[in-house]
Amino acid sequence: MRLQLALDAPEHLALVPRLTPFFDIIEVGTPVLKRFGLTAITTVAELSGGAEILADTKTVDGGALEAAMVFGAGASAMTVLAQASPATRTATLEVARAHGGTVIFDTILDGTFDVATLADLDQDELWLALHAPSDARLAGNGTEDHIARVADRRQRGCRVSLAGGIGRTNLEKVLAVAPDVIVIGSSVTGAANPEKEASWLSTTVAQARG
């Protein structure tokens, strides 16, 4: 299990140097990408001292063009909506391979997404993000169904990145299903003491790894 920090607001960039030591991956969130463009990727790379970076592009079309820009800017991984066309998946993956990058297919539009739809992918490229939408959670309509789906998706051959509402209150439940990547956002970036919270999360996950 690896820890990923999601940066979803411009002010979160100031936290990068302080929080990078506690995380394996730094995510440049969609709002930050829209605010700053590709410079957000290069800026986070500089602030983090060259950490592994995921660009949460949520690509749905134009896969080759977006992948070339994102990986060319230094990202190690990017997201494509799982519901994108097979042509978009293929085009994105071709560019990712050329750059040694990873594409993660995000199920944010449909938590029950049928993994069989991705049967055309090589086993080592079968990355799925089980992602609970933040707007639904803020509106009081959020669930933890994405956590419950981890075991099934892993049994079906997917490597799983789990995102959305993860923190102290449900970390034990998350560790029990052991996703490949645990994405942490507001529980750290919105904490009164982000470094203390990140340290606790990092230590707890490390202990669970054994």
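If you read the sequence from its start, that first residue is 1, and numbering goes on from there.
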At their closest point, which heavy atom of [X] faces which heavy atom of [Y], and how far apart are they?
X    : Y    : value
V95  : F71  : CG1-CD1, 4.5 Å
A96  : V103 : CB-CG2, 3.6 Å
A51  : T20  : CB-CG2, 4.1 Å
V28  : A40  : CG1-CB, 3.7 Å
E197 : A191 : CB-CB, 4.1 Å
A129 : T107 : O-OG1, 2.8 Å

Under 3.5 Å, sequence neighbours excluded: what are the donor-acceptor pairs made by side chains of residues 57-70?
residue, atom, partner, partner atom, Å
T57, OG1, T59, OG1, 3.0
T57, OG1, T79, O, 2.7
K58, NZ, T30, OG1, 2.8
K58, NZ, D56, OD2, 2.7
T59, OG1, E66, OE1, 2.5

State, with a plain yes or no, whether a side-chain heavy atom of [X] is found less than 4.5 Å away from one of [Y].
X    : Y    : answer
T189 : P194 : no
R89  : D120 : yes
L121 : W127 : no
V183 : I166 : no
L162 : V181 : no
F113 : L130 : no
S161 : L128 : no

Any donor-acceptor N/O pair, [X] side chain to [Y] backbone, under 3.5 Å:
X    : Y    : answer
S76  : G101 : no
H12  : A9   : yes
D122 : D124 : no
T88  : A84  : no
H146 : G164 : yes
E27  : I53  : no
T90  : A87  : no
R209 : M1   : yes
T42  : T39  : yes
N170 : K173 : no

Working for side-chain hydrogen bond (donor to acceptor under 3.5 Å, both in side chains), residues Q83 and D110: CA-CA 8 Å; Q83 295 81 2; D110 178 10; 4.8 Å; no
Presence of salt bridge, R35 and D8, under 4.0 angstrom: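 A salt bridge is absent here (no side-chain N lies under 4.0 Å from a carboxylate O).
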Which distance, rounded to the nearest 0.5 Å, do you find between the [atom1] of [X] and the [atom2] of [Y]?
X    : Y    : atom1 : atom2 : value
S48  : L5   : OG    : CG    : 10.5 Å
I41  : M78  : CD1   : CE    : 9.0 Å
L171 : I182 : CG    : CD1   : 6.0 Å
L118 : F105 : CG    : CZ    : 6.5 Å
I184 : I25  : CD1   : CD1   : 12.0 Å
R168 : S187 : CZ    : OG    : 9.5 Å

Atom CD of E11 with >12 non-hydrogen neighbours under 6.0 angstrom: yes
L126 reachable from L81 in the ILVMFWY side-chain graph, under 4.5 Å edges: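 Shared cluster, no.
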From CA spacing to verdict: side chain to side chain contact (heavy atoms under 4.5 Å, CB included), Q4, E52: CA-CA 9 Å; Q4 178 173 310; E52 185 175 338; over 6 Å; no
Candidate pair V80 and D106, rule side chain to side chain contact (heavy atoms under 4.5 Å, CB included), full reasoning: CA-CA 6 Å; V80 170; D106 194 331; over 6 Å; no
From V44, I26, I104, residue fulfilling side-chain contact (heavy atoms from CB on, under 4.5 Å) relative to L54: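 By the side-chain contact (heavy atoms from CB on, under 4.5 Å) criterion, L54 pairs with just one of V44, I26, I104: I104.
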Can you give the donor-acceptor pairs under 3.5 Å from side chains of residues 148-155 to other protein atoms, not counting sequence neighbours?
residue, atom, partner, partner atom, Å
R149, NE, G111, O, 3.3
R154, NH1, A178, O, 2.7

Residue pair L3, S202: steps toward the side chain to side chain contact (heavy atoms under 4.5 Å, CB included) verdict: CA-CA 7 Å; L3 271 179; S202 177; 4.2 Å; yes
